[in-house]
Amino acid sequence: MELPRPIHLPVAVPLHDDRAMAELVTAIELVARGLARRVHVTGLAGLDDVAAHALAQAQAAGVRFTLSRDGPDAISAIVGPREA
């Protein structure tokens with residue numbers, strides 16, 4: 001009897017941009033709901049690639065969003081405080 005050969009399916013790995021955007025959306029929600037005054041997101045690959053989209057979401061939520069470049073490879077996003 002011949003046993004069936006296993007099929008190796010590709011593993012879904014989140015892209016850097018997806019992870020960065022998920023972190024920024026979480027930070028925006030924390031500030032928008034009043035659970036945090038300000039959140040710093042640092043050290044994520046793809047952060048600068050999704051900054052424009054995150055800015056639009058922050059503006060829609062009434063939350064301040066800024067980027068800070070501490071070096072050529074060190075980018076931080078500062079989310080908050082809520083805008084009056």
Side-chain angles (χ1 to χ4, degrees):
M1 174 186 236
E2 189 174 329
L3 294 175
R5 184 177 241 181
I7 299 172
H8 296 283
L9 299 174
V11 177
V13 177
L15 300 173
H16 294 299
D17 293 353
D18 293 339
R19 178 165 181 232
M21 191 63 201
E23 294 289 336
L24 291 173
V25 167
T26 301
I28 292 166
E29 286 295 318
L30 285 171
V31 174
R33 294 179 185 206
L35 300 172
R37 178 165 166 71
R38 186 173 286 130
V39 178
H40 292 255
V41 180
T42 60
L44 287 178
L47 193 61
D48 53 344
D49 295 331
V50 298
H53 191 254
L55 172 62
Q57 287 199 356
Q59 288 175 337
V63 173
R64 187 174 299 158
F65 180 89
T66 56
L67 285 181
S68 171
R69 193 174 295 273
D70 301 326
D73 296 328
I75 299 172
S76 300
I78 299 105
V79 180
R82 286 188 279 182
E83 296 176 342

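Here the shortest heavy-atom pairing between V50 and A20 reads CG2-CB, 4.0 Å. Residues V41 and A27 share a closest heavy-atom pair of CG2-CB, 4.1 Å. When every heavy atom of V39 is checked against every heavy atom of A36, the shortest pair comes out as CG2-CB, 3.9 Å. Nearest heavy atom pair, residue G80 against residue V31, reads CA-CG1, 3.8 Å.
Distance CE/M21 to CG/D49: 12.0 Å, rounded to 0.5 Å. The distance from atom CG of L44 to atom OG of S76, rounded to the nearest 0.5 Å, is 9.5 Å.
Listed by first and then second residue, the side chain to side chain donor-acceptor pair (under 3.5 Å) pairs involving residues 50-68 are S68-D70 (not counting sequence neighbours). Applying the side chain to side chain donor-acceptor pair (under 3.5 Å) test to every pair with at least one member in residues 32-46, sequence neighbours left out, gives these pairs: E29-R33.
Taking 4.5 Å as the limit, some side-chain heavy atom of L24 sits within range of a side-chain heavy atom of L47.
Hydrophobic cluster membership differs between V25 and I78, with clusters built from Ile, Leu, Val, Met, Phe, Trp and Tyr side chains linked at under 4.5 angstrom.
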